[in-house]
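Remarks on the structure that follows.
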Amino acid sequence: MCAAAAPLEVDVAIVGGGMVGASLAAALSGSGRRLILVESAPFGTAAQPSFDERTTALGNVSRRIFEGLAVWDRIAPEAAAIRNIHVSEAGRFGFARLVAGEQGVEAFGYVVANRCIGAALWRRLRSAPDLTLQAPARVEDIAVTAAGVRFTVVNESHAAVPVVARLMVAADGAHSQIRNAANIGVDVVDYDQVAVVANIAADRAHEGNAYERFTPAGPLALLPRHDGGLAVIWACRPQRAQALLALEQDAYLAELQSQFGWRAGRFLSAGPRSSYPLRLTRATASVATRTVLIGNAAQALHPVAGQGFNLGLRDAAMLAEVIAGTAGDAGAPEVLRQFVDWRARDRRGVVRFTDGLIRLLGDSRLGAALLRNLGLLMFDLTPPAKSALARVSAGFGGPTPRLARGLSLPHV
Ligand SMILES: Cc1cc2nc3c(=O)[nH]c(=O)nc-3n(C[C@H](O)[C@H](O)[C@H](O)COP(=O)(O)OP(=O)(O)OC[C@H]3O[C@@H](n4cnc5c(N)ncnc54)[C@H](O)[C@@H]3O)c2cc1C
């Protein structure tokens, strides 16, 4: 009879190697902690849902965190700076324009293809000495005790690796398996909207302009891309989304042009369209015994304000800081408590801001439309309001992670 294999002992097991989980692994690698990252898709490829052809608008704080993780140098050549933001409502006169230079920043943020972020993180992680990378692989037989979490990793070749971890991090997205295993519930608000996403080319250079236009069919964002084109994210009712997805390219471009107008030039061509149902999914707790939730596993947001990943990256940066700042057990209750306390304000603020915006935009009553219009006009004329919005990407309060301040993690 052969003896059962001794389990692999790690300090931190990260389940889900998407944009947030992979960022946490990059932050912790080199901190002296033993790590395992388990990802269900082939890591860093377009087959991984987190790293598809979508684009993400990274705020300046996220840029600084990526600099701290030594991945920004690889991302920068494919990042398009957002130098101006133009907000308008179809059929109304009010609009607002934010100019980065007027706010004393070089750019409000940077638009990058998720694929590019994935490739940079993958390069960073594949040679990390203290990290066991399992992808594609899945986690089975999770058993949580007060001392640690035991589970089995089953990989592509059906090999079963027993693992015991001091801390299990759920970074496995909105439908988190780890959240379920920890018996943490979720509150879901279904916005009854679907984002239809495509990359398009126009006959005019974007000059770093990002556009947010509120149309009767839903909010429409056009973001500058590094290749000179624009990324279109159009949130609309599911039926309308189906119709947009079914249109021939020319008909889709004509529809987009009629809803958006001509500010960004004539739309010439469009790449494949894809769709994402939009909900707010919020975990009822963000920690349980030896378990912590980050990124979409903790809170998945509507993309209207481009906050979901930026928020999740701050989760990852702060969790890495709390773990690196403790000499002992990475999954001890006081470590988890510290993380929850430090992240609470930012998380609550971003969720409220994004959810409130969707409700205001979706309100078709005349009063709400006037308020939006007046809001845009006032906003354009009121520098303090502009500065406040320009700062939104810095987070909504609570301590700022060291990595976001350009500092390295603490060493104890
Ligand atoms: C259309 C759209 C546009 C967006 N634009 C922006 C933007 O401009 N700015 C911004 O900040 N945010 C944006 N977001 C939000 C952003 O995409 C998410 O916040 C971000 O992807 C969350 O990353 P995550 O790693 O937490 O989760 P995910 O991206 O969902 O990644 C989860 C990972 O876990 C893996 N996984 C899942 N289950 C398991 C399992 N059981 N075991 C192992 N691995 C598992 C998956 O394969 C995946 O790699 C946008 C979202 C959408 C839909």
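Whatever order the structure lists ligands and atoms in, that order sets their numbers, starting from 1.
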Considering both backbone and side-chain atoms of Gly295, is one of its nitrogen or oxygen atoms within less than 3.5 Å of a nitrogen or oxygen in ligand 1? no
For Gly306, the ligand 1 atoms whose distance to one of its heavy atoms is below 4.0 Å: 7 (C), 8 (O), 9 (N), 10 (C), 11 (O)
Before signing off on this row, confirm whether Tyr276 and ligand 1 have an N or O atom pair separated by under 3.5 Å. no
Would you check whether Gln177 has a nitrogen or oxygen atom less than 3.5 angstrom from a nitrogen or oxygen atom of ligand 1? yes
For atom 30 (O) of ligand 1, state which one of Gly173, Ala135, Gly21 supplies the nearest heavy atom. Gly173
Which of the numbered atoms in ligand 1 are under 4.0 angstrom from any heavy atom belonging to Gly18? 25 (O), 31 (O), 33 (C), 49 (O)
Tyr110 ring center within less than 6.0 Å of Trp72 ring center: yes
Nearest-neighbour protein heavy atom for atom 53 (C) of ligand 1, which is reported as residue plus atom name and distance: Arg54 NH1, 3.5 Å
Nearest protein heavy atom with distance in Å, relative to atom 37 (C) of ligand 1: Asp172 O, 3.3 Å
Proximal atoms of ligand 1 relative to Val197 (non-hydrogen, under 4.0 Å): 1 (C)
Proximity flag Glu39 to ligand 1, non-hydrogen atoms under 4.0 Å: yes
Going by distance alone, is a donor N or O of one side chain under 3.5 Å from an acceptor N or O of the other, for Asn209 and Arg83? no
So, Gln193 versus His302: side-chain donor-acceptor pair below 3.5 Å or not? yes
Crowded around Arg204 CZ? As in, over 12 foreign heavy atoms under 6.0 Å? yes
Could you check whether Arg34 and Thr132, counting side-chain N and O atoms only, form a donor-acceptor pair closer than 3.5 Å? no
By salt bridge (Lys or Arg N to Asp or Glu O under 4.0 Å), which residues pair with Glu334, not counting sequence neighbours? none
Proximal ligand 1 atoms for Thr56, defined as those under 4.0 Å from one of its heavy atoms: 7 (C), 8 (O), 9 (N), 10 (C)
Starting from atom 4 (C) of ligand 1, find the nearest protein heavy-atom neighbour and note its residue, name and distance. Pro303 CB, 3.6 Å
For atom 25 (O) of ligand 1, what's the nearest protein heavy atom and its distance? Val20 N, 3.0 Å
In sequence, state the C-alpha distance, the side-chain angles, and the governing distance for Glu255 and Arg240, and then conclude on salt bridge (Lys or Arg N to Asp or Glu O under 4.0 Å). CA-CA 12 Å; Glu255 183 58 21; Arg240 168 87 160 149; 2.7 Å; yes
for atom 42 (N) of ligand 1, nearest protein heavy atom and its distance come out as Val15 CG1, 3.6 Å
Is a side-chain donor-acceptor pair under 3.5 Å present for Ser88 with Arg213? yes
Determine whether the side chain, the backbone, both or neither of Ala171 has a heavy atom under 4.0 Å from any heavy atom of ligand 1. backbone
So, Tyr211 and Asn84: side-chain donor and acceptor under 3.5 Å apart, yes or no? no
Give me the atom names and distance for the closest heavy-atom approach of Ala27 to Leu403. CB-CD1, 4.1 Å
Find all atoms of ligand 1 within a distance of less than 4.0 Å from any non-hydrogen atom belonging to Gln307, and give their numbers and elements. 10 (C), 11 (O)
With a 4.0 Å cut-off on heavy atoms, is Gly312 in contact with ligand 1? no
Tell me which protein heavy atom sits closest to atom 28 (P) of ligand 1, plus the residue, atom name and distance to 0.1 Å. Ser50 OG, 3.7 Å
Could you establish whether Val38 and ligand 1 come within less than 4.0 Å of each other, counting only heavy atoms on the residue side? yes
Closest protein heavy atom (residue, atom, distance) for atom 7 (C) of ligand 1: Ala57 N, 3.5 Å
Looking at atom 44 (N) of ligand 1, what's its closest protein heavy atom, distance included? Ser40 N, 3.1 Å
Just checking, is any N or O donor in the side chain of Arg347 or Gln299 under 3.5 Å from an acceptor N or O on the other one? yes
Where do Asp52 and Arg115 land on the salt bridge (Lys or Arg N to Asp or Glu O under 4.0 Å) test, with the steps shown first? CA-CA 5 Å; Asp52 56 15; Arg115 168 190 46 73; over 6 Å; no
Report the C-alpha separation of Asp130 and Arg33 in whole Å, then their side-chain angles, then the decisive distance to 0.1 Å, and conclude whether the salt bridge (Lys or Arg N to Asp or Glu O under 4.0 Å) test is met. CA-CA 7 Å; Asp130 40 11; Arg33 299 294 186 165; over 6 Å; no
What closest approach, in Å, do Gly59 and Asn310 show between heavy atoms, and which atom pair accounts for it? N-OD1, 2.9 Å
Judged by heavy atoms only, the candidate from Phe51, Trp234, Phe309, Phe43 nearest atom 11 (O) of ligand 1 is Phe309
For Gly308, the atoms of ligand 1 under 4.0 Å from one of its heavy atoms are 10 (C), 11 (O), 12 (N), 19 (O)
